[in-house]
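Every value quoted in this text rests on a predicted model; they were computed, and no experiment measured them.
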Amino acid sequence: MKYAIRAERIFDGEREIAGKPLVVIADGKIVDVTHARADLQVVDLGDVTLLPGLVDAHVHLGFDPDGKAAEHLQHDAEDVMLQRIRANAREALHAGVTTVRDLGDRSYLTLEARDAGPEVLVSGPPVTTTGGHCWFLGGEADGIDGIRKAVTERVERGVDVVKIMVTGGSITPGSSPFHQQYTTDEIKAGVEIAHAAGIPVAVHAHAPAGIRAAVEAGVDSIEHGFFLTPEGAVADWDTVDLLVQKGIYVSTTTARRPSGNPLPPISVRVRENFARMRELGVRLVCSSDAGVGPFSRFDSVPHGVAEFCDVLGFRPAEAIAAATSVAAQSCGLGGRKGRIAPGHDADLLAVAGDPLKDVAALLDVRAVFRAGERVSR
């Protein structure tokens with residue numbers, strides 16, 4: 001069935017289209033963006049802005065934001081985890097997040113939840129060292145041979161992205177974000193196998209040395225990229241220059257629901273570094289790390305877009321692009337996600353008002369469409 005959606009204005013992922021445009025949809029795809037089609041049934045959404053569905057490039061659908069990941073992910077039954085995965089996916093979808101990239105599950109369970117609502121990109125268990133960060137998800141692998149075997153297994157399982165834990169992290173007892181888990185050569189061994197299969201590599205990396213190793217190994221995205229040291233968030237600007245030269249995305253994982261409390265000094269410094277990285281030309285992606293804590297929920301991306309404007313200095317259109325077109329590109333989906341353009345999936349978000357003037361409008365959701373089907377009021 002072919003039909004059209006009319007809105008007061010469109011932000012197509014890169015620019016505004018005014019004058020009550022129409023988006024023509026057929027078989028779940030956008031086939032035209034125009035101002036005049038008298039031959040079609042039209043769904044008139046009124047005084048709203050129509051945008052591409054949001055893309056959250058870093059979530060953990062199997063995590064309970066109100067729980068302790070290192071404990072419950074070791075013991076929860078698979079049916080419990082699948083119920084949680086589906087519920088978390090629905091929360092994202094109804095906030096207008098039509099695509100999520102899951103960067104760490106257990107037992108490849110998210111492969112069974114591709115029908116959960118949003119499009120779900122799957123990494124499976126993240127590759128980590130024995131006893132390393134998130135070891136409890138089942139992805140332990142050591143050395144070059146171990147990484148090659150682990151990445152090959154993920155390719156054969158049909159994942160959409162390979163996730164490697166290059167440094168330690170904070171949610172795993174005994175792990176430190178300052179500690180580098182893999183060398184450049186080890187990371188490169190995994191990258192070569194993934195890229196040969198056409199699969200991107202995203203790496204968890206906090207410490208400067210780990211970030212540098214991942215960049216030199218040719219990964220596709222740095223997740224977090226906080227440049228954490230015992231002295232605070234101390235960016236290595238030579239590595240930042242290399243990020244720009246190589247065009248590697250940095251997925252900030254900073255989108256949060258407001259807590260009502262001021263950010264701790266190290267978090268303030270991280271955001272100051274991101275603001276400078278933006279000025280230098282780093283491609284920043286607005287993502288949430290949803291699932292890791294009570295404020296990192298699956299509807300957090302709109303709050304992150306607001307922070308990109310208020311704290312990082314983004315213009316509204318640029319901030320929204322960081323959660324639509326740029327985020328889609330970082331996931332390897334730039335040809336069909338994150339834009340309102342012919343040939344792209346009809347994943348759409350309608351919000352009241354004009355988020356190009358006030359990004360808080362993203363929180364007033366009036367309609368969500370997934371593959372052309374309306375999934376909310």
Between Trp237 and Asn273, is the side chain to side chain contact (heavy atoms under 4.5 Å, CB included) condition met? List the steps. CA-CA 10 Å; Trp237 298 110; Asn273 288 341; 3.9 Å; yes
Examine the side chains of Thr98 and Glu119 and answer whether a donor and an acceptor come within less than 3.5 Å of each other. no
Are the side chains of Pro208 and Val234 in touch, meaning some heavy atoms are under 4.5 Å apart? no
Sidechain-backbone polar pair: Ser300 side chain, Ser288 backbone, donor-acceptor under 3.5 Å: no
Between Val159 and Ser123, is there a side-chain heavy-atom distance shorter than 4.5 Å? no
Are the charged groups of Lys337 and Asp347 less than 4.0 angstrom apart, N to O? yes
Suppose we screen for ring-ring contact (aromatic ring centres under 6.0 Å, His included). Which residues come up paired with His133, at least two apart in sequence or across chains? His204
In sequence, state the C-alpha distance, the side-chain angles, and the governing distance for Leu61 and Val100, and then conclude on side chain to side chain contact (heavy atoms under 4.5 Å, CB included). CA-CA 9 Å; Leu61 291 173; Val100 295; 4.1 Å; yes
Distance alone, cut at 3.5 Å: any donor-acceptor contact between the side chains of His60 and Asp289? yes
Arg84/Asp76 salt bridge by N-O under 4.0 Å criterion: yes
Ignoring hydrogens, what is the shortest heavy-atom contact between Pro302 and Ala95? Give both atom names and the distance. CG-O, 4.4 Å
Heavy-atom side-chain proximity of Ile5 to Leu22 below 4.5 angstrom: no
Heavy-atom check, side chain of Tyr182 versus side chain of Val203, under 4.5 Å: no
Would Val244 end up clustered with Leu284 when hydrophobic side chains under 4.5 Å apart are linked, directly or stepwise? yes
Do Asp299 and Arg90 sit within salt-bridge range, that is, some charged N less than 4.0 Å from a carboxylate O? no
Please check this pair: side chain of Arg283 against backbone of Gly247, looking for a donor-acceptor N/O pair closer than 3.5 Å. yes
What is the ring orientation for Phe274 with Phe226, classed by angle as parallel under 30°, tilted 30 to 60°, or perpendicular over 60°? perpendicular
Determine whether the side chains of Ser221 and Glu223 contain a donor N or O and an acceptor N or O closer than 3.5 Å. yes
Within-4.5 Å side-chain heavy-atom neighbours: Leu51 and Ile10: no
To the closest 0.5 Å, what do you measure between CG (Leu243) and CG (Asp238)? 11.5 Å
Assess the residue pair Asp160 and Arg114 against the criterion (salt bridge (charged side-chain N to carboxylate O under 4.0 Å, His left out)); give the C-alpha distance rounded to whole Å, side-chain angles, the decisive distance to 0.1 Å, and a yes or no. CA-CA 11 Å; Asp160 304 288; Arg114 291 192 184 275; 3.0 Å; yes
If you draw a 6.0 Å radius around CG in Asp39, do more than 12 non-hydrogen atoms from other residues or ligands fall strictly inside? yes
What's the spacing between Glu78 CD and Ile85 CD1 if we round to 0.5 Å? 9.5 Å
Quick check: is Phe298 connected to Val375 through a chain of hydrophobic side chains (ILVMFWY, heavy atoms under 4.5 Å apart)? yes
Distance from Ile25 atom CD1 to Gln41 atom CD, nearest 0.5 Å? 11.0 Å
Can a side-chain donor-acceptor contact be found between Asp102 and His58 if the only test is distance below 3.5 angstrom? no
CE of Met165 to NZ of Lys163: how many Å apart, nearest 0.5 Å? 4.0 Å
Is a salt bridge present between Glu373 and Arg370, judged by a nitrogen-to-oxygen distance below 4.0 Å? no
With rounding to the nearest 0.5 Å, note down the distance linking CD1 in Ile147 to CG in Asp185. 10.0 Å
Any side-chain to backbone donor/acceptor pair from Arg339 onto Asp12? Under 3.5 Å, distance only. yes
Can a side-chain donor-acceptor contact be found between Thr253 and His224 if the only test is distance below 3.5 angstrom? yes
Does any N or O in the side chain of Arg101 come within less than 3.5 Å of the main-chain N or O of Val59, such that one atom is a donor and the other an acceptor? no
Could you tell me which non-hydrogen atom of Ala346 sits nearest to which non-hydrogen atom of Ile30, and how far apart they are? CA-CG1, 3.9 Å
Can a donor-acceptor pair be found, under 3.5 Å and without considering hydrogens, that links the side chain of Ser107 to the backbone of Leu109? no
Any donor-acceptor pair under 3.5 Å linking the side chain of Asp220 with the backbone of Val201? yes
Pair Phe227, Thr239 - check side chain to side chain contact (heavy atoms under 4.5 Å, CB included), show working. CA-CA 10 Å; Phe227 288 97; Thr239 297; 4.2 Å; yes
Identify the two heavy atoms, one from Ala197 and one from Val155, that lie closest to each other, and give their separation to 0.1 Å. CB-CG1, 3.7 Å
Closest approach of Ala233 to Val270 (non-hydrogen atoms, all atoms of both residues): CB-CG2, 3.7 Å
Salt-bridge test for Lys2 and Asp32: reply yes if a basic N is under 4.0 Å from a carboxylate O, no otherwise. no
Atom CZ of Phe314 and atom SG of Cys309: how far apart are they, to the nearest 0.5 Å? 8.5 Å
Under a 3.5 Å distance rule, please check whether Glu192 uses its side chain to pair with a backbone N or O of Ala189 as donor and acceptor. no
Report yes if some heavy atom in the side chain of Leu263 is under 4.5 Å from a heavy atom in the side chain of Glu307; otherwise report no. yes
When hydrophobic residues are tied together by side-chain contacts of less than 4.5 Å, even through go-betweens, does Phe308 share a cluster with Val326? no
Would you say the side-chain atoms of Gln329 pair up with the backbone N or O of Gly334, donor to acceptor, closer than 3.5 Å? no
With distance as the sole test, does Thr172 use its side chain to make a donor-acceptor pair with the main-chain N or O of Ser175 at under 3.5 Å? no
Between His195 and Ile199, the two heavy atoms sitting closest are CD2-O, 3.4 Å
Same cluster or not: are Leu93 and Val48 linked, directly or through other Ile, Leu, Val, Met, Phe, Trp or Tyr residues, by side-chain heavy atoms under 4.5 angstrom apart? no
Look only at the side chain of Thr167 and the backbone of His206, and say whether a donor-acceptor pair between them is shorter than 3.5 Å. yes
Whether the Ser287 and Asp56 side chains hold a donor-acceptor pair (N or O, under 3.5 Å, no angle test) is what I'd like checked. no
Modelled atom types, side-chain donor and acceptor of Arg256 and Ser296, under 3.5 Å: yes
Joint hydrophobic cluster, Ile222 plus Val191, side-chain heavy atoms closer than 4.5 Å: yes
Would you be so kind as to tabulate the donor-acceptor pairs closer than 3.5 Å made by side chains of residues 134-145, with sequence neighbours excluded?
residue, atom, partner, partner atom, Å
Glu140, OE2, Gly131, N, 2.7
Asp142, OD1, Thr130, N, 3.1
Asp142, OD2, Thr130, OG1, 2.4

So that I can tick it off, tell me whether Arg278 and Glu318 are bridged by a salt bridge, with the cut-off set at under 4.0 angstrom between side-chain N and carboxylate O. yes
So Arg6 and Val43, do their side chains get closer than 4.5 Å, heavy atoms only? no
Verdict with reasoning, Tyr108 to Glu153, per side chain to side chain contact (heavy atoms under 4.5 Å, CB included): CA-CA 11 Å; Tyr108 299 91; Glu153 175 189 317; 2.7 Å; yes
Residues Asp345, Lys29: salt bridge by 4.0 Å N-O rule: yes
If we only count heavy atoms from C-beta on, is the Val166 to Gln181 side-chain gap below 4.5 Å? no
